[in-house]
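Heads up: the structure comes next, in structure tokens.
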Amino acid sequence: MEERPLRVLQDGGRYRTPGVYYEEGISASDVPDEPTGVPAFVGWCESVDSASAPVLRFSRWSQFEAWGGPGRCPGFLADVVRGFFVNGGTRCVVVPVPHGDRPADRAGALIRPFAAGGVLEDVEDIDLVCVADAMHD
């Protein structure tokens, strides 16, 4: 860990008692090179084949827009992906699933990526899963 210089705070500083204080912080060299906080967003999209829902990787909102996400996704998927990037997210996985006509078709489509042999079975870099469209009736 990189040592920080000691700092004396004069009257009006954060510390009320006299003395020298050592502040420990995180430097860029302390941050692991491995990415952390990679969520998977599963949600309904138009023009997606139910048998082969793709696993898409995005590192910017503009990539999702270029793919056509905001116009293709009738549910909450585009909203949660946008919110992720607006709040500082840097990398995510998106699994678009077909939006069926019947409620049973829609529910089944949202569950299918998690089943044995589903598209998320071999994805190892995700650490959070969000299925926002599960909140639709």
Side-chain angles (χ1 to χ4, degrees):
M1 179 185 285
E2 177 184 328
E3 282 196 39
R4 305 258 189 251
L6 296 178
R7 206 169 55 142
V8 177
L9 299 173
Q10 302 298 324
D11 191 20
R14 290 189 308 172
Y15 303 110
R16 296 284 180 191
T17 58
V20 177
Y21 298 90
Y22 179 77
E23 291 186 355
E24 187 173 26
I26 297 176
S27 70
S29 62
D30 295 334
V31 178
D33 290 335
E34 292 296 315
T36 58
V38 179
F41 298 111
V42 179
W44 296 320
C45 282
E46 303 294 338
S47 307
V48 176
D49 180 18
S50 63
S52 61
V55 173
L56 307 168
R57 295 175 185 279
F58 298 107
S59 57
R60 291 184 304 281
W61 169 248
S62 60
Q63 292 173 326
F64 185 76
E65 282 183 308
W67 174 73
R72 294 175 71 173
C73 305
F76 296 127
L77 182 62
D79 295 327
V80 297
V81 172
R82 182 178 178 280
F84 171 73
F85 287 117
V86 165
N87 286 292
T90 57
R91 208 168 69 114
C92 70
V93 171
V94 173
V95 180
V97 297
H99 181 265
D101 294 329
R102 298 178 317 141
D105 295 339
R106 291 192 293 266
L110 292 174
I111 294 169
R112 201 166 293 115
F114 303 100
V119 296
L120 286 174
E121 185 173 58
D122 295 327
V123 180
E124 296 181 2
D125 60 338
I126 60 173
D127 57 6
L128 176 75
V129 176
C130 173
V131 188
D133 290 330
M135 298 307 296
H136 273 276
D137 42 26

Taking the side chain as every heavy atom from C-beta outward, state whether [X] and [Y] have any pair of such atoms under 4.5 Å apart.
X	Y	value
Cys73	Trp44	no
Val123	Arg57	yes
Glu46	Pro74	yes
Leu77	Asp133	yes
Thr90	Val38	no
Pro70	Phe64	yes
Val129	Phe114	yes

Non-hydrogen atoms of [X] and [Y] that approach each other most closely:
X	Y	value
Gly69	Ala78	O-CB, 4.1 Å
Val97	Ala109	CG1-O, 3.4 Å
Leu110	Gly43	CD2-CA, 4.1 Å

Honestly curious: do Ile111 and Leu128 fall in one hydrophobic cluster under the side-chain, below-4.5 Å linking rule?
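As far as the 4.5 Å side-chain criterion goes, Leu128 and Ile111 are not connected within one cluster.
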Supply the atom-to-atom distance Leu120 CG to Arg112 CZ, rounded to the nearest 0.5 angstrom.
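Here the interatomic distance stands at 13.0 Å.
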Atom SG of Cys45 and atom CH2 of Trp67: how far apart are they, to the nearest 0.5 Å?
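That separation rounds to 4.0 Å.
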Test of understanding: with side chain to side chain contact (heavy atoms under 4.5 Å, CB included), list the residues that count as partners of Gln63, not counting sequence neighbours.
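Once residues adjacent in sequence are excluded, the partners of Gln63 under the side chain to side chain contact (heavy atoms under 4.5 Å, CB included) criterion are Phe58, Ser59, Arg60.
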How far apart are the C-alpha atoms of Asp125 and Arg91, what are their side-chain angles, what is the distance that settles it, and do they pass the salt bridge (Lys or Arg N to Asp or Glu O under 4.0 Å) test?
CA-CA 10 Å; Asp125 60 338; Arg91 208 168 69 114; 3.3 Å; yes
For Phe85, enumerate each residue passing the ring pair (Phe, Tyr, Trp, His ring centres under 6.0 Å) test, keeping only those at least two apart in sequence or located in another chain.
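Not a single residue meets the ring pair (Phe, Tyr, Trp, His ring centres under 6.0 Å) criterion with Phe85.
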Mind running side chain to side chain contact (heavy atoms under 4.5 Å, CB included) on Val95 and Val119 for me, showing each step along the way?
CA-CA 8 Å; Val95 180; Val119 296; 3.8 Å; yes
